[in-house]
There are 2 protein chains.
Amino acid sequence: MPKKNQPLNLEDIAERAGVSRSTVSRVINNEPYVSQKTRMKVEQVIEEVGFTPNPVARMLVTQKTRIIGVVIPHTLDDVFDDPFYFPTLLQGVAETTNANDYGMLLWLGQSDEDEARFHRRVLQNRLMDGLILVSIRVNDPWIEQLLESDIPFTMVERPRQFEEHVSYVGLDNVQAAQMAVKHLIGLGYQRIGTITGALDNYDALDRLDGYKIALENAGRDVDETLIADGDFRYQSGYDAMQYLLSQGVDAVFAASDRMAMGALQALQEADLRVPDDVALVGFDDLPGALRSKPPLTTIHQPIRQKGARAAEILLNLIEGEITAPQQVILPTKLVVRQSCGGAD
Amino acid sequence: MPKKNQPLNLEDIAERAGVSRSTVSRVINNEPYVSQKTRMKVEQVIEEVGFTPNPVARMLVTQKTRIIGVVIPHTLDDVFDDPFYFPTLLQGVAETTNANDYGMLLWLGQSDEDEARFHRRVLQNRLMDGLILVSIRVNDPWIEQLLESDIPFTMVERPRQFEEHVSYVGLDNVQAAQMAVKHLIGLGYQRIGTITGALDNYDALDRLDGYKIALENAGRDVDETLIADGDFRYQSGYDAMQYLLSQGVDAVFAASDRMAMGALQALQEADLRVPDDVALVGFDDLPGALRSKPPLTTIHQPIRQKGARAAEILLNLIEGEITAPQQVILPTKLVVRQSCGGAD
DNA sequence: CAATTTTCTGGGAGCGTTCCCAGAATAATG
DNA sequence: CATTATTCTGGGAACGCTCCCAGAAAATTG
């Protein structure tokens, strides 16, 4: 028998096993009401010919694809100045999807593509049971559109709009930034500046808030001239640090490690020592933070878990295990190294 | 009219436009033999209700999914010591898939998952028209299995087995490594060592070959004691450098920038100056190479294009534009910075 | 052991498309 | 204006599953 390249189907298996299509289907889906004997026979045939049911046909009837989308809009160049974050997050998502036999469709916004087109492509492609939104900008229409479309989705930042209607896995950014700044205050620094992340980003806003709150809690005034706008990237940290030096600071909280490293560079070029002349705290705890000179005091965040949890919530939403939006805040912790001083 | 949440189908559109299902299908697929008048009418209705045809139903009949898979087997921890590579490659792939309205299904092998299970999940999931294989290890069964299964696929490294049967986009690694080492020779270094990549990786093998060839071409003997095994990662570069110092070297070619940076660290700790005491050349031209101290001489490779081209070839293969396997070698170039000396 | 319940099995319908074919309408021909 | 060629249109069949229902077989009852 010439086995032509085998798109076998249920009926073929049924025939070979001497049963009906329906029975084979029952066996495959582990349904009850199949006698032990026929079940074994069918399983044997399936094993023999290496049959896998056509997922597309199944999707068509069940109206479920077992695919989730991961959307990273806007060009990645921003995100990728810290290329560590994104792959780690994806690994977290994959952890969950792999374990639950879901697929993961990745949507990367292209720099030269207009946003509307990208939105349409993703939203109209009705191939996904749900979506994970990564690094959504403040006021981005994604959230609203998705809420209307009633496609289940989760975010990996705490949004500020629609917060109670949206599922997300976030950090206690405010709290974390507060910890960092409080630590600097505790060490006796007087003029503590900050380098913010891109202020169209939810995390950046929260970290800035945390900075302010920490100062206020310590009974200090927030000096707006000590707040330098950055965008999470190395270069912006470098530039911001130069500005802050002109303002006079003795400590700086940077909203990302990449910026802290940029700041470090600026300080070194100005022949200033860290932490003796200026203390530095970052955020993220990148692998490189450990190796910088001096090693960077920073806030550790569990990126991988963020992805994994976000995917878990999404799957629960999809499978109707839960129906109300779910919000999770993952813990961060302050990792004290040498860049903030006070260790000795 | 209470618009219940709208899974409209062709027939619904047909009704509203006063035509038949078939005609609507023709309009959507831009087929001829539709009168201008009805075409306009149908298009208007589609626009009005915002209809998109169900992709799953379409897949079922056309037997095409317009989805490609990107497979990164094995745990990513290796790959992610250099997290830059992988996202950049994905961006390249996305460039092509976005432009051609394909989706990109990402498969990340999980560390705790056995390989066989992973293979099955990806191969049996007949949801992809083709695959891109990233960072496949030497002798990995993937290649053979895929060749048998006649699923179109491309690789982003030049494999050493089945080379003529496989489509790939690679680098002229041998040539590139040769350039690097030749450059060191030209600068007069005498004891030139190398730190290899993980030797179960095709690129690593080629780069090692290039190193040897360069020495031979210069009429020198290859001294095996000056070849230190690394695995592309920072730490391995550090360790290997310490070994090479014990052997006595005045220049080192590292098969990745990450390892070169690790080596740099080892050199600094040994109070040796680069390039005065030991010269260093890396591979990859990571963004960080520019910022290391001293800036790293390295081989630049077009990662993003690699992804884009691999995807292009795959789509051609899928759509039958080409049928024979296609091999592409992308150019690399030597970027001379300070770490190799001779600049002044 | 007849009557009822329970387990098991097969076939029809349907998911929403595309493809194919036949027939209607229109245009081009002698 | 009859005939042929061409454009246009609609409906059946198929893709490969799951779901539902009805009927057969087996197990459980009084």
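Residue numbers start from 1 in every chain, and the chains themselves are labelled A, B, ... in the order their sequence lines are given, proteins ahead of strands.
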Peer 1: Quick one: is B:S25 getting a side-chain N or O under 4.0 Å of the C:dT18 phosphate, OP1 or OP2?
Peer 2: yes

Peer 1: Let me spell it out: for each of A:N29 and B:R21, pick the nucleotide of DNA chain D with the closest heavy atom. Which residue's pick is nearer the 5' end?
Peer 2: B:R21

Peer 1: Could you tell me whether A:E11 contacts a base, only the sugar-phosphate backbone, or nothing, with contacts defined as non-hydrogen atoms closer than 4.0 Å?
Peer 2: nothing

Peer 1: Answer with yes or no whether the side chains of B:K306 and B:Y85 bring together a donor and an acceptor at under 3.5 Å.
Peer 2: yes

Peer 1: Taking only N and O in the side chain of B:Q63, is any of them less than 4.0 Å away from OP1 or OP2 of D:dG16?
Peer 2: yes

Peer 1: Is there a side-chain contact between A:T62 and the phosphate of C:dC15, meaning an N or O under 4.0 Å from OP1 or OP2?
Peer 2: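 The answer is no; no side-chain N or O of A:T62 sits under 4.0 Å from OP1 or OP2.
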
Peer 1: Which part of the nucleic acid, if any, lies within reach of A:V56 when heavy atoms closer than 4.0 Å are counted: base, sugar-phosphate only, or nothing?
Peer 2: nothing

Peer 1: Look at all strands and tell whether B:T23 reaches a base, only sugar-phosphate, or nothing, counting heavy atoms closer than 4.0 Å.
Peer 2: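 Sugar-phosphate contact only.
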
Peer 1: Counting heavy atoms from C-beta on, name the nucleotide in C:dC8, D:dT18, D:dC8 closest to the side chain of B:Y33.
Peer 2: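 Of C:dC8, D:dT18, D:dC8, D:dC8 is nearest to the side chain of B:Y33.
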
Peer 1: Does D:dT7 have OP1 or OP2 sitting under 4.0 Å from an N or O in the side chain of B:Q36?
Peer 2: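 No, no such contact exists.
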
Peer 1: Hey, which sits more toward the 5' end of DNA chain D by its nearest nucleotide, B:V34 or B:L60?
Peer 2: B:V34

Peer 1: Answer yes if the side chains of A:E163 and A:Y202 hold a donor-acceptor pair under 3.5 Å, and no otherwise.
Peer 2: no

Peer 1: I want to verify a distance call: between C:dG10, D:dG10, D:dG16, whose nearest atom is closest to the A:S20 side chain?
Peer 2: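 For the A:S20 side chain, the nearest candidate turns out to be C:dG10.
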
Peer 1: Looking only at side-chain N and O atoms, does A:T38 come under 4.0 Å of OP1 or OP2 in C:dT9?
Peer 2: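 So the side chain of A:T38 is within the cut-off, an N or O lying under 4.0 Å from OP1 or OP2 of C:dT9.
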
Peer 1: Closest approach to the side chain of B:V19, judged atom by atom: which nucleotide of D:dC17, C:dG16, D:dG10 is it?
Peer 2: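 Side chain of B:V19 sits closest to D:dG10.
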
Peer 1: Step by step, work out the side chain to side chain contact (heavy atoms under 4.5 Å, CB included) result for B:V56 and A:R126.
Peer 2: CA-CA 8 Å; B:V56 174; A:R126 319 207 323 271; over 6 Å; no

Peer 1: Under the salt bridge (Lys or Arg N to Asp or Glu O under 4.0 Å) rule, what do B:R121 and A:D101 come out as? Steps first, then yes or no, please.
Peer 2: CA-CA 8 Å; B:R121 203 215 313 289; A:D101 263 306; 3.4 Å; yes

Peer 1: Under 3.5 Å, is there a donor on one side chain and an acceptor on the other for B:S35 and B:T38?
Peer 2: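 A pair is found: one side chain offers a donor N or O, the other an acceptor, under 3.5 Å apart.
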
Peer 1: It should be established whether B:N9 places a side-chain nitrogen or oxygen under 4.0 Å from OP1 or OP2 of nucleotide C:dG16.
Peer 2: yes

Peer 1: Is there, by distance only and without an angle test, a donor paired with an acceptor across the side chain of B:R26 and the base of D:dG10 below 3.5 Å?
Peer 2: yes

